[in-house]
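Counting begins at 1 with the first residue of the sequence.
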Amino acid sequence: MKITHVISHVLQYDLPSELGYSQQYYHKRTAHLVEIRTDEGVTGWGECFGPGNVAVANKGIVEKVIQPMILGDDPMDRDVIWHKVYNLLRDHGQKGMPMQSLSGVDIALWDIAGQVAGLPIHKLIGGAHRDRVPAYGYGMMLKRESLNDHVARFRDEAAAIRDMGFAATKMKLGLGPRDDVKLAQAVRDGVGEGFRFMADANHCYTTADAFYVGRALEELDAYWFEEPVAPEDLDGYRELRAGLRVNISGGEAEFNRWGWRQILENRGLDIAQPEVCAIGGISEYLRVLALCHAHFTPVVNHVWGSAVAVTTNLHLLAAMPALPGGLFPWEPMLEFDTTDNKFRDDLLIEPLDIQGQVKASGGYVAIPDKPGLGIQPDRDFIKRFELDL
């Protein structure tokens with residue numbers, strides 16, 4: 001079997017309303033899919049992390065840089081391909097966009113391998129430790145509105161996500177430390193006592209401001225405080241973890257095992273959040289997962305993107321060993337964006353229907369069991385939303 005085509009599909013549409021987080025507002029939804037075709041008719045699908053013009057730039061890397069490196073290769077040699085591409089791109093970026101691009105290619109190769117073997121990806125990894133995973137719903141994005149409007153909306157939206165059946169919820173921070181504490185209080189008021197909620201700062205604070213917000217989150221019994229400071233600030237992460245009771249989480253902006261080794265040896269995280277569509281795909285994710293567990297650090301995958309990304313993560317969460325184990329082990333959760341996302345809800349011939357599953361099962365989502373990723377994207381849908389680049 002040989003690789004004959006590596007095709008990048010950048011999809012985009014206008015959101016019903018503008019959304020924001022601590023770094024920017026955005027009004028378009030983007031997805032970057034990778035399709036790998038073979039001479040035996042087997043096609044694999046993957047996804048690259050990165051919105052907007054980042055996806056447009058990554059399309060050039062996928063098709064103009066990586067594709068010529070791997071045309072004619074056997075797609076079953078996915079680890080050989082991974083290291084060939086990484087080594088040839090090493091002089092031009094060990095992190096960032098080259099790794100995002102390689103991620104989509106690698107996931108598609110795993111999809112092909114599963115189809116050839118007649119096994120779902122979690123079986124290729126080593127089997128499923130669980131046949132379903134709890135899902136948490138995130139929302140409560142920032143908008144161009146007053147603090148009072150934010151507070152009222154966050155309280156109502158948090159309650160709505162809880163009532164959808166999700167096992168937990170996550171909010172955004174980013175208005176400023178004092179206002180953010182008011183937002184967190186609104187979320188706690190909305191979900192009530194005892195319901196798990198998390199707060200995501202998208203690295204907007206100095207260490208001092210992160211301590212201020214983190215102490216308030218402790219009092220509100222937040223489950224984790226995500227990306228409180230810049231991803232480069234490993235010392236800040238370590239100080240926050242040592243000084244706060246709330247769990248410190250992060251890692252979505254790290255791109256390979258060598259960077260993760262530094263994070264983990266620094267002991268700055270209670271919960272690791274690798275992003276498979278940015279980290280180098282499934283191949284590198286599994287190496288990072290092993291590193292995390294070797295440092296006794298539990299993992300909750302960062303999930304952002306289309307149905308391809310969601311499905312990939314369901315396989316990975318199924319194959320993740322319990323840490324530390326026992327009769328009632330700590331369990332990972334599936335992250336689910338509750339805002340408008342046609343590329344997740346309508347992309348597939350057979351939709352995942354995450355919201356329906358969550359509502360019907362008390363917060364759980366079933367693990368796919370068909371070969372490979374076990375999905376079939378709708379090509380007419382792709383044509384309708386693909387950018388003409």
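Between Ile349 atom CD1 and Asp380 atom CG the span is 7.5 Å, to the nearest 0.5 Å. Here the NE2 atom belonging to His83 is positioned 10.0 Å from the CG atom belonging to Leu102, to the nearest 0.5 angstrom. A distance of 4.5 Å separates CG of Asn202 from OG of Ser22, quoted to the nearest 0.5 Å. How far OG of Ser101 is from CG of Leu89: 8.5 Å, rounded to the nearest 0.5 Å.
A 6.0 Å sphere centred on CD of Gln24 holds more than 12 heavy atoms belonging to other residues, nucleotides or ligands. Under a cut-off of 6.0 angstrom, the local environment of NE2 in His5 is sparse, with at most 12 non-hydrogen atoms contributed by other residues, nucleotides or ligands. Summarising the local packing, CG of Asn53 is surrounded by 12 or fewer heavy atoms from other residues, nucleotides or ligands at distances under 6.0 Å. For Lys28, the NZ atom sits in a packed shell: over 12 heavy atoms of surrounding residues, nucleotides or ligands are nearer than 6.0 Å.
Within the structure, the ring pair (Phe, Tyr, Trp, His ring centres under 6.0 Å) test picks out no pair touching residues 267-297 (sequence neighbours left out). The salt bridge (Lys or Arg N to Asp or Glu O under 4.0 Å) contacts involving residues 33-62 comprise Glu35-Arg37, Glu35-Arg379, Lys59-Glu63, where partners must be two or more places apart or lie in separate chains. Applying the ring pair (Phe, Tyr, Trp, His ring centres under 6.0 Å) rule to pairs touching residues 109-130 yields His122-His315, sequence neighbours excluded. Residue pairs meeting the ring pair (Phe, Tyr, Trp, His ring centres under 6.0 Å) criterion with at least one partner in residues 146-180, sequence neighbours excluded, are His150-Phe154, Phe166-Phe336.
Pairing each heavy atom of Ala31 with each of Phe343, the nearest pair is CB-CD1, 3.6 Å. The two residues Thr38 and Pro75 have their closest heavy-atom pair at CG2-CG, 3.9 Å. Met333 and Tyr223 get closest at one heavy-atom pair: CE-CE2, 4.4 Å. Counting all heavy atoms, side chain and backbone alike, Thr338 lies closest to Gly137 at CG2-CA, 3.8 Å. Minimum interatomic distance between Ile354 and Val365 (heavy atoms only, all atoms of both residues): CD1-CG1, 3.6 Å. Smallest separation of non-hydrogen atoms from Thr30 and Ala55: CG2-CB, 3.8 Å.
A salt bridge between Arg245 and Glu219 is present, with a side-chain N of the basic residue lying under 4.0 Å from a carboxylate O of the acidic one. Checked for salt-bridge contact, Asp106 and Arg78 miss the test: no charged N lies under 4.0 Å from a carboxylate O. One finds no salt bridge joining Asp156 and Arg153 here, because no Lys/Arg side-chain nitrogen approaches an Asp/Glu carboxylate oxygen to under 4.0 Å. In summary, Lys84 and Asp73 engage in a salt bridge, as defined by a charged side-chain N under 4.0 Å from a carboxylate O.
Inter-residue side-chain proximity for Val65 and His92 is flagged as unmet; no heavy-atom pair is nearer than 4.5 Å. At least one side-chain heavy atom of Leu11 sits less than 4.5 Å from a side-chain heavy atom of Glu386. Counting heavy atoms from C-beta on, the side chains of Asn256 and Ile279 never come closer than 4.5 Å. Inter-residue side-chain proximity for Val276 and Leu316 is flagged as met; some heavy-atom pair is nearer than 4.5 Å. The shortest side-chain heavy-atom distance between Ile7 and His9 falls under the 4.5 Å cut-off. Using a 4.5 Å cut-off on side-chain heavy atoms (C-beta onward), Phe211 and Arg215 make contact. Put simply, the side chain of Lys143 reaches to within 4.5 Å of the side chain of Leu19, judged on heavy atoms. Contact check for Val133 versus Glu331: no side-chain heavy atoms found under the 4.5 Å cut-off.
Residues Met320 and Leu119 share a single hydrophobic cluster, defined by chaining ILVMFWY side chains whose heavy atoms lie under 4.5 Å apart. Linking Ile, Leu, Val, Met, Phe, Trp and Tyr whenever their side-chain heavy atoms come within less than 4.5 Å leaves Tyr138 and Phe195 in two separate clusters. Hydrophobic clustering (side-chain heavy atoms under 4.5 Å, transitive across Ile, Leu, Val, Met, Phe, Trp, Tyr) groups Met140 together with Leu15. Following chains of ILVMFWY side-chain contacts shorter than 4.5 Å, one can reach Ile107 starting from Leu314, so the two form part of one hydrophobic cluster. No path of Ile, Leu, Val, Met, Phe, Trp and Tyr side chains, each step under 4.5 Å between heavy atoms, connects Val62 with Val56, placing them in separate hydrophobic clusters.
For Phe255, there are no ring-ring contact (aromatic ring centres under 6.0 Å, His included) partners, not counting sequence neighbours. By the salt bridge (charged side-chain N to carboxylate O under 4.0 Å, His left out) test, Asp79 pairs with Arg287, sequence neighbours left out. Legend: residues meeting salt bridge (charged side-chain N to carboxylate O under 4.0 Å, His left out) with Lys359, ordered by chain and number and at least two apart, are absent. Scanning for salt bridge (charged side-chain N to carboxylate O under 4.0 Å, His left out) contacts around Lys95 gives Glu254, with sequence neighbours left out. For His302, the side-chain hydrogen bond (donor to acceptor under 3.5 Å, both in side chains) partners at least two apart in sequence or on another chain are Glu252, Glu275. Under the ring-ring contact (aromatic ring centres under 6.0 Å, His included) criterion, Tyr86 pairs with Trp82, Trp258, not counting sequence neighbours. Looking at residues two or more places apart in sequence or on another chain, you find no ring-ring contact (aromatic ring centres under 6.0 Å, His included) involving Tyr205. Take Trp260 and apply the ring-ring contact (aromatic ring centres under 6.0 Å, His included) test, not counting sequence neighbours, and it matches no residue.
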Check the pair Ser146, Asn148 against side-chain hydrogen bond (donor to acceptor under 3.5 Å, both in side chains), reporting the backbone distance first and the verdict last. CA-CA 5 Å; Ser146 70; Asn148 288 339; 5.4 Å; no
Full working for salt bridge (charged side-chain N to carboxylate O under 4.0 Å, His left out) between Asp337 and Arg29: CA-CA 12 Å; Asp337 176 3; Arg29 173 77 67 184; 3.2 Å; yes
Between Asn58 and Ser8, is a side-chain contact (heavy atoms from CB on, under 4.5 Å) present by the stated rule, with each step listed? CA-CA 9 Å; Asn58 283 345; Ser8 173; over 6 Å; no
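Without hydrogens or angle criteria, Arg267 side chain to Ala242 main chain gives no donor-acceptor distance under 3.5 Å. Judged by distance alone, the side chain of Tyr13 and the main-chain N or O of Lys342 form a donor-acceptor pair under 3.5 Å. The closest donor-acceptor contact from the side chain of Tyr237 to the backbone of Leu269 lies at 3.5 Å or more, if one exists at all. Of the possible donor and acceptor atoms, none in the side chain of Asp131 sits under 3.5 Å from a partner among the backbone N and O of Ala366.
Tested against Arg241 for a side-chain hydrogen bond (donor to acceptor under 3.5 Å, both in side chains), the candidates Asn247, Asn266, Asp270 yield a single pass: Asp270. Shown are Val181, Asp200, Asp180; of these, the side chain to side chain contact (heavy atoms under 4.5 Å, CB included) with Leu173 is made only by Asp180.
Judged by a 6.0 Å distance limit and a 45° cone about the ring axis, Arg144 is positioned over the six-membered ring of Tyr25.
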